[in-house]
Protein chains: 2
Amino acid sequence: MPAEKRKKYHHGDLRNALIEAGMGIIETEGLAELSLRKIAAKVGVSHTAPKNHFGSMRGLMTAIGAEGFRRFATEMRAGLTGTSGRVKKLEAAVEGYIRFARKHPALFQIMFSPEYCDFKDEEVSEAARASYRVLEEISEGLDWDKADLDHAQLRTEIMLWSFAHGYATLLNNGQINFRDDGTPAFDVLDVIPKFGYREM
Amino acid sequence: MPAEKRKKYHHGDLRNALIEAGMGIIETEGLAELSLRKIAAKVGVSHTAPKNHFGSMRGLMTAIGAEGFRRFATEMRAGLTGTSGRVKKLEAAVEGYIRFARKHPALFQIMFSPEYCDFKDEEVSEAARASYRVLEEISEGLDWDKADLDHAQLRTEIMLWSFAHGYATLLNNGQINFRDDGTPAFDVLDVIPKFGYREM
DNA sequence: CTCTAATCTTTCCATTGGAAATATTTTTGC
DNA sequence: GCAAAAATATTTCCAATGGAAAGATTAGAG
C-alpha cells in the first residue's frame with residue numbers, strides 16, 4: 001500500500017485540523033450544527049481523539065474562539081490602514097467590528113459566550129486583549145471631559161465597545177428591523193459621529 | 001384516599017406550572033442546568049407532557065422569554081415613575097434595562113437568543129414590542145439633527161438600545177473588568193448624559 | 001534498541017429532546 | 001344522559017451528544 005495513501009495512526013497536526021474543521025462547520029452550517037463528533041468525523045478521527053488536545057468540547061471551542069479573536073483584530077485593523085483622521089479611524093474600527101460580527105455570526109457568538117469560550121484561557125485572553133487594543137488606540141485622547149482624564153479614555157472605550165457590540169448582537173439576533181432590500185433600517189455611520197466626543 | 005392528595009391525571013394548569021418551574025430553575029441554577037426533563041420532574045409530570053402545550057423545548061423557552069419581556073417592561077417602567085425630566089427618564093430606563101439584565105442573566109439570555117426564543121411567536125413579539133415602546137417614549141424628540149426628523153427618533157432609539165444591550169451583555173459575559181469590590185469599573189450614568197442628544 | 005509518553009481507537013455510559021402508541025379525562029354533539 | 005371526539009398525560013423507544021475508561025499504536029528520549 002502506498003505510503004501517502006495509507007492512513008496514519010497519528011494525524012500529525014490534529015489540533016489545528018480540528019480547529020479548522022470546526023471553523024468550517026460553523027461558517028457553512030451554523031453553530032447549531034456543530035458537534036464534537038461531526039468535527040472529528042470531518043477530520044477522520046474518532047470522537048474521543050480531540051480530548052487529548054483540548055480536554056473537552058469547551059476546550060476545542062475555546063481554541064476556535066481564540067482564533068476568532070485573532071481574525072477579529074485583523075479585520076478591524078484592515079479598515080484602519082489607509083484611513084487618516086482620528087474620527088475616521090474610529091468609525092472604520094467600529095465598522096470593522098460590526099462587519100466581522102455579521103460576516104461570522106456563529107464565530108462571533110462563540111467568542112463572546114463564556115459557556116463556549118473560556119476567557120481564563122491564556123490564548124483567548126491574549127487574543128482578546130489584542131482586539132481590545134485596537135479600541136484603546138482609537139479612543140486615545142477622545143473624550144468629553146477634560147477634568148477626569150483617568151476615566152476619560154475608559155469611558156470612551158466602553159461606550160464605543162458597548163454600542164458596537166450591542167448593535168452587532170441585535171442585528172445578528174434579528175431584533176433590529178430590516179428594510180425590504182435586506183439592509184438594516186439604520187446606518188451605523190449616522191450615529192457614530194454624533195457621540196459627543198471631541199479631540200482633546 | 002382523600003381527593004386533595006390523590007394525584008390527578010390532568011394537572012389543570014400545566015402550561016403555567018411549566019413556565020414557572022423553568023423560571024425557577026434558571027434563576028436558582030442557571031441556564032446550563034435547564035432541561036425539559038428537569039422542568040417536567042419539578043412539576044411532577046412525564047417529560048413528554050410539555051409537548052402538548054409547547055410543541056418542543058424551544059416552544060417552552062419561547063413562552064418563558066415572553067414572560068421575561070413582560071417583566072422586563074415592568075422593570076424599566078418602574079424606574080420611570082417618580083422621575084421627571086426627559087433626560088432623567090431616559091437614564092432611568094437605561095438603568096432599568098441594565099439592572100434587569102444583571103438581575104436575571106439567564107432569562108435575559110433566553111429573551112434575546114433566537115435559538116431559544118422564537119420571535120415569530122405572537123406572544124413574544126407583542127411583549128417585546130411593549131418593552132421597546134418604553135424606549136420609544138423616552139426617545140421621542142431627542143436627537144441631534146433637526147434636518148432629518150424621519151430618522152431622528154429611530155437613530156436615538158437604536159443608539160440607546162444598542163449601547164444598553166451591549167453594555168449589559170458584556171457585563172453578564174464577564175468581558176468588562178470589575179473593581180476589587182465587585183462593581184464594574186465604569187458607571188453607566190457617566191456616559192449616558194454625554195451622548196450628544198438634545199431636546200428638540 | 002528499549003522504554004516511556006503521547007496519541008488515537010474501541011467500547012461503554014448517562015443525559016437529552018423527541019416520536020409513537022396508548023391510557024385517561026374532559027368536552028362536545030345529539 | 002351518553003356516546004364520540006378532543007385534549008391531556010403516560011409509557012416506551014430512539015438517535016444524538018459529550019465524556020469516561022481501557023487498550024492499541026506510534027513517536028521520541030535515553
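Just so we're on the same page: letters track the sequence lines, and every chain starts at 1.
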Nearest-angstrom distance from the residue atom CG of A:Asn16 to P of C:dT7: 13 Å
For atom CG of B:Leu14 and atom P of C:dT25, their distance in whole Å: 16 Å
Atom pair distance, as rounded to whole Å: CE in A:Met61 and P in D:dT17: 13 Å
Whether A:His165 and A:Trp161 hold their rings parallel, tilted or perpendicular, with breakpoints at 30° and 60°: perpendicular
Member of A:Leu18, A:Val43, A:Ile19 meeting the side-chain contact (heavy atoms from CB on, under 4.5 Å) criterion with A:Pro50: A:Leu18
Spacing of B:Leu31 atom CG relative to C:dT16 atom P, expressed in whole Å: 14 Å
Ring pair (Phe, Tyr, Trp, His ring centres under 6.0 Å) between A:Phe69 and A:Phe112, intermediate numbers included: CA-CA 10 Å; A:Phe69 271 110; A:Phe112 286 97; 5.3 Å; yes
Presence of donor-acceptor pair under 3.5 Å, side chain of B:Asn52 and base of D:dA7: no
Sequence neighbours excluded - salt bridge (Lys or Arg N to Asp or Glu O under 4.0 Å) pairs with any residue from residues 158-174 of chain A: none
Between C:dC8 (P) and A:Arg15 (CZ): distance, integer Å: 13 Å
Electrostatic pair A:Glu123-A:Arg70, nearest N-O below 4.0 angstrom: yes
Rounded distance in Å - CG (B:Asp13) to C1' (D:dA7): 15 Å
B:Ser131 to B:Phe72 - nearest heavy-atom pair and separation: OG-CD2, 3.7 Å
Under 3.5 Å, N/O pairs linking protein and nucleotides 18-21 of chain D:
from: D:dG18; atom 1: OP1; to: A:Leu36; atom 2: N; distance (Å): 3.0
from: D:dG18; atom 1: OP2; to: A:Leu36; atom 2: N; distance (Å): 2.9
from: D:dG18; atom 1: OP2; to: A:Arg37; atom 2: N; distance (Å): 3.4
from: D:dG18; atom 1: N7; to: A:Arg37; atom 2: NH1; distance (Å): 2.4
from: D:dG18; atom 1: O6; to: A:Arg37; atom 2: NH1; distance (Å): 3.0
from: D:dG19; atom 1: OP2; to: A:Met57; atom 2: N; distance (Å): 2.8
from: D:dG19; atom 1: N7; to: A:His47; atom 2: NE2; distance (Å): 3.1
from: D:dG19; atom 1: O6; to: A:His47; atom 2: NE2; distance (Å): 2.7
from: D:dA20; atom 1: OP2; to: A:Lys51; atom 2: NZ; distance (Å): 2.4

Euclidean distance, atom CD1 of residue B:Ile25 to atom P of C:dT16 [Å, nearest integer]: 11 Å
